[in-house]
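Take a look at the structure set out below.
Counting convention: from 1, in listed order, for ligands and their atoms alike.
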Amino acid sequence: MAAVQLENVRKVFEGGQVAVHGLTLDVKEGELIVLVGPSGCGKSTSLRMIAGLEEVTEGIIRIDGKVVNDTPPKDRDIAMVFQNYALYPHLTVYDNMAFGLRLRKVPRTEIDREVRSAAELLGIETLLDRKPKALSGGQRQRVALGRAIVRKPKVFLFDEPLSNLDAKLRVQMRTEIARLHKRLKTTMIYVTHDQTEAMTLGNRIVVMKDGHVQQIDNPMILYNRPTNKFVAGFIGSPAMNFLLGTVDRRGFREESGIFLSLPPRHKKRLTKYVGKKVILGIRPEDFWVGGPRNRGIRVQVEVVEPMGNETYLYFSTAKNGAHHVARITASETPAAGSTVNLQVDMTKAHFFDPETELAL
Ligand code: ATP
């Protein structure tokens, strides 16, 4: 178990491509931190620099207080789990898991104890004699996890380990990784592009975009107090709705004519934006159907998606066809094509500056 610190870490690839612009991050001992962001945001490169698989262009990386910039991967005391499992096809599950320990000349009885104990932890005791090709995706991923566990590393690094699994298995393995973390209490750094995975796994989450950190916070703060429009739109599914409009003394007006009055808290906060353009952000769950016609917004429902316990309603507002989605209780489900009155919980509204996209 060890802390991992990154100080202004930059990565510039040959040809000048800047993949990471000055990443500063303090991963505490025993923490499970998730790096999340869309494809190309620099999360894998960051992880690979921690692993030692990619050289650091500038900045410092410390593991357990020791600068490791020039330490080869094998001496960093880390274990990495990849998306493609990277198992040896010609070796059995047992030998795949024992491989690293044999290289380190660990005594045979100790190897046997570690392999069987990890196999039990992961529920793969009965598969030890099989070769990887005779395993399902989920089982292969467990073997890859087992191989990492037996090495008792100071830090686990995960690079999209569940991307190759089907949706159901992904959810199951996600819970297993969370359980594993609780049990082993080892520092874990986990990379994913999937915001749900990030939200459900991370003690803290680092949201990245174009090689820049956007926000580092715990899941609830990211969700409730995003620092900018990107984080607001990236975290949460379905995504937050954005409406461009103007603030006046009473409320927010979209050019389509939609008017939403502002609760006192927001009025005060937006005083200096009166007469100016702002972006209003509304989470899908902050709508509900009904209420007085002279309040809320009247919309024509374009698409209805029943999810069982709730329903997603898709509609447009502005003339430019800004598309929105509301998450409503299943019993309120209207028909596609019908016109409904939607109320908005404006106490939960978010506001962003249209130019800087920062939260107001
Ligand atoms: P993904 O989820 O698609 O793997 P990512 O967020 O992990 O994306 P990285 O793989 O870290 O992103 O890549 C960050 C940026 O660096 C991208 O623009 C990518 O094209 C670039 N990049 C990655 N590896 C190299 C390389 N070897 N040479 C040049 N550019 C690279």
Return yes if some donor-acceptor pair links the side-chain N/O of Asp129 with the main-chain N/O of Thr92 below 3.5 Å, else return no.
no
Is the shortest distance from a Lys or Arg side-chain nitrogen in Glu285 or Lys348 to a carboxylate oxygen in the other one below 4.0 Å?
no
Do His324 and Thr317 have a side chain donor and acceptor closer than 3.5 Å?
yes
Quick check on ligand 1: any N or O pairs to the protein under 3.5 Å? One line per pair.
residue, atom, partner, partner atom, Å
ligand 1, 2 (O), Lys43, NZ, 2.7
ligand 1, 3 (O), Ser39, OG, 2.6
ligand 1, 6 (O), Gly40, N, 3.3
ligand 1, 6 (O), Cys41, N, 2.9
ligand 1, 6 (O), Gly42, N, 3.0
ligand 1, 6 (O), Lys43, N, 3.3
ligand 1, 6 (O), Lys43, NZ, 2.9
ligand 1, 7 (O), Ser44, N, 2.9
ligand 1, 7 (O), Ser44, OG, 2.7
ligand 1, 8 (O), Gly40, N, 2.7
ligand 1, 11 (O), Thr45, N, 2.9
ligand 1, 11 (O), Thr45, OG1, 2.5
ligand 1, 12 (O), Gly42, N, 3.3
ligand 1, 18 (O), Gln17, NE2, 3.0

Got a sec, which pairs hit salt bridge (charged side-chain N to carboxylate O under 4.0 Å, His left out) with one end in residues 23-37, sequence neighbours left out?
Glu31-Arg204
Hey, is the main chain of Glu310 close enough, under 3.5 Å, to the side chain of Arg327 for a donor-acceptor pair?
no
Taking the six-membered ring of Phe234 as reference, does the NZ or CZ atom of Lys209 fall below 6.0 Å from its centre and within a 45° cone about the axis?
no
